[in-house]
Amino acid sequence: GRIERLSVAVLVDDSIAPETVTAVRNWIETTIGVAPNQPARSVTVQRVKFDTASAEAEQAQRKAQELAIAAERGDVAEVRRLMKEEGVDPDRIFSVDGMPLLAWPILTRSPAGLKAMLENGADPNAKQPHRARLVNADFRDRYHNNAMVWAAKADDPIYLKLLLDHGGNPNTRNSNDETLLLQAFL
């Protein structure tokens with residue numbers, strides 16, 4: 001088989017210098033044999049603006065998932081690597097309903113994972129403001145449940161002890177403004 005028609009289209013980010021785009025086009029044309037006597041072969045190089053924010057958000061989400069899995073497994077070395085080397089910050093990562101990433105090892109019953117996250121700088125008091133506070137004055141000072149609340153609800157007291165030992169606030173209240181003691185008995 002002989003190639004009768006060949007078209008190559010290349011998209012490059014608009015941050016690439018025009019002379020570099022020209023060099024790329026010239027290299028591709030030379031490689032595939034574009035010439036005036038070869039109209040069946042063409043090269044198009046188009047500069048476009050790529051949305052890197054969504055790609056960065058996807059990458060951050062993947063890293064957060066890796067941290068959750070490492071914590072669930074109690075993989076201390078991987079938790080340390082992700083938090084220290086990859087810069088995954090569990091204090092800024094919350095589920096859609098406001099649950100902090102630090103609550104994950106509590107829910108999956110992994111004290112080693114919780115301890116690893118805390119020893120690598122996770123804040124036991126990290127919490128996300130309640131969305132309802134934007135439209136309802138009664139929620140002005142309300143936050144979603146943080147890891148302290150989830151630990152108080154857990155059957156095993158080790159989670160609450162770990163959080164308290166790492167600076168957790170014993171006066172934390174849940175999203176309904178109820179104490180940890182009440183959560184422990186519910």
Side-chain angles (χ1 to χ4, degrees), residues 13 15 49-186:
D13 191 272
S15 64
K49 178 81 173 145
F50 288 111
D51 179 10
T52 56
S54 63
E56 290 168 1
E58 286 178 25
Q59 176 69 6
Q61 183 65 29
R62 276 193 300 278
K63 293 293 181 187
Q65 288 172 343
E66 288 177 29
L67 179 57
I69 292 167
E72 180 178 348
R73 292 180 179 158
D75 187 342
V76 175
E78 183 66 359
V79 167
R80 182 181 307 112
R81 184 189 73 76
L82 288 163
M83 290 179 66
K84 297 296 186 181
E85 295 173 22
E86 298 287 334
V88 181
D89 184 356
D91 302 340
R92 300 176 152 267
I93 301 169
F94 298 89
S95 68
V96 175
D97 58 349
M99 184 180 75
L101 182 57
L102 188 58
W104 187 249
I106 298 167
L107 296 174
T108 59
R109 298 184 175 133
S110 176
L114 178 63
K115 184 177 180 186
M117 289 176 75
L118 291 165
E119 289 181 349
N120 284 285
D123 179 0
N125 301 303
K127 56 189 173 185
Q128 184 179 50
H130 202 288
R131 283 187 273 281
R133 74 189 190 117
L134 299 174
V135 293
N136 185 338
D138 292 338
F139 282 82
R140 181 177 35 249
D141 297 322
R142 300 271 180 97
Y143 290 84
H144 288 282
N145 292 339
N146 69 2
M148 292 289 293
V149 174
W150 291 101
K153 293 178 178 189
D155 293 335
D156 189 340
I158 187 66
Y159 304 105
L160 192 56
K161 181 177 180 350
L162 283 167
L163 291 167
L164 290 167
D165 288 349
H166 287 85
N169 180 357
N171 297 315
T172 297
R173 291 180 169 267
N174 73 356
S175 60
N176 290 324
D177 203 30
E178 299 163 336
T179 66
L180 293 179
L181 184 60
L182 179 62
Q183 293 306 298
F185 285 107
L186 291 179

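Please read all numbers here as calculations on a predicted model, not as lab measurements.
In this structure, E119 and H166 have side chains that are in contact, with non-hydrogen atoms separated by less than 4.5 Å. No side-chain heavy atom of H144 sits under 4.5 Å from any side-chain heavy atom of M99. Residues K153 and I106 form no side-chain contact, since every pair of their non-hydrogen atoms from C-beta on lies 4.5 Å or further apart. Using a 4.5 Å heavy-atom threshold, the side chains of D156 and R109 count as separate.
For the atom pair CG of L180 and CG of N169, the computed distance is 8.0 Å after rounding to the nearest 0.5 Å. In this structure, CG in L107 is found 9.5 Å from OH in Y159, a value given to the nearest 0.5 Å. Separating the CG atom in D165 from the NZ atom in K115 is a distance of 9.5 Å, to the nearest 0.5 Å. The OG atom of S110 sits 12.5 Å away from the CD1 atom of I69 when rounded to the nearest 0.5 Å. Put simply, CD on Q183 and CZ on R173 are 10.5 Å apart, with the number rounded to the nearest 0.5 Å. For the atom pair NZ of K127 and CG of L102, the computed distance is 14.0 Å after rounding to the nearest 0.5 Å.
Minimum heavy-atom separation, L163 to P124: CD2-CB, 3.6 Å. Residues P105 and M117 approach most closely at CG-SD, 3.8 Å, considering heavy atoms. In plain terms, the two heavy atoms of S175 and N145 that are nearest each other are N-OD1, 2.7 Å. For A64 against V88, the heavy-atom pair with the smallest separation is CA-CG1, 4.2 Å. Smallest separation of non-hydrogen atoms from E78 and E66: OE2-OE1, 4.3 Å. Closest heavy-atom contact between A70 and L82: CB-CD1, 4.3 Å.
Side-chain contact, R62 with Q65: no donor N or O sits under 3.5 Å from an acceptor N or O.
Electrostatic pairing of E86 and R81 counts as a salt bridge here, judged by a charged N lying under 4.0 Å from a carboxylate O.
The main-chain N or O of E72 is never found under 3.5 Å from a side-chain atom of T108 such that the two would form a donor-acceptor pair. The closest donor-acceptor contact from the side chain of D91 to the backbone of A126 lies at 3.5 Å or more, if one exists at all.
Of the candidates N171, N174, T172, T172 is the only one forming a side chain to side chain contact (heavy atoms under 4.5 Å, CB included) with M148.
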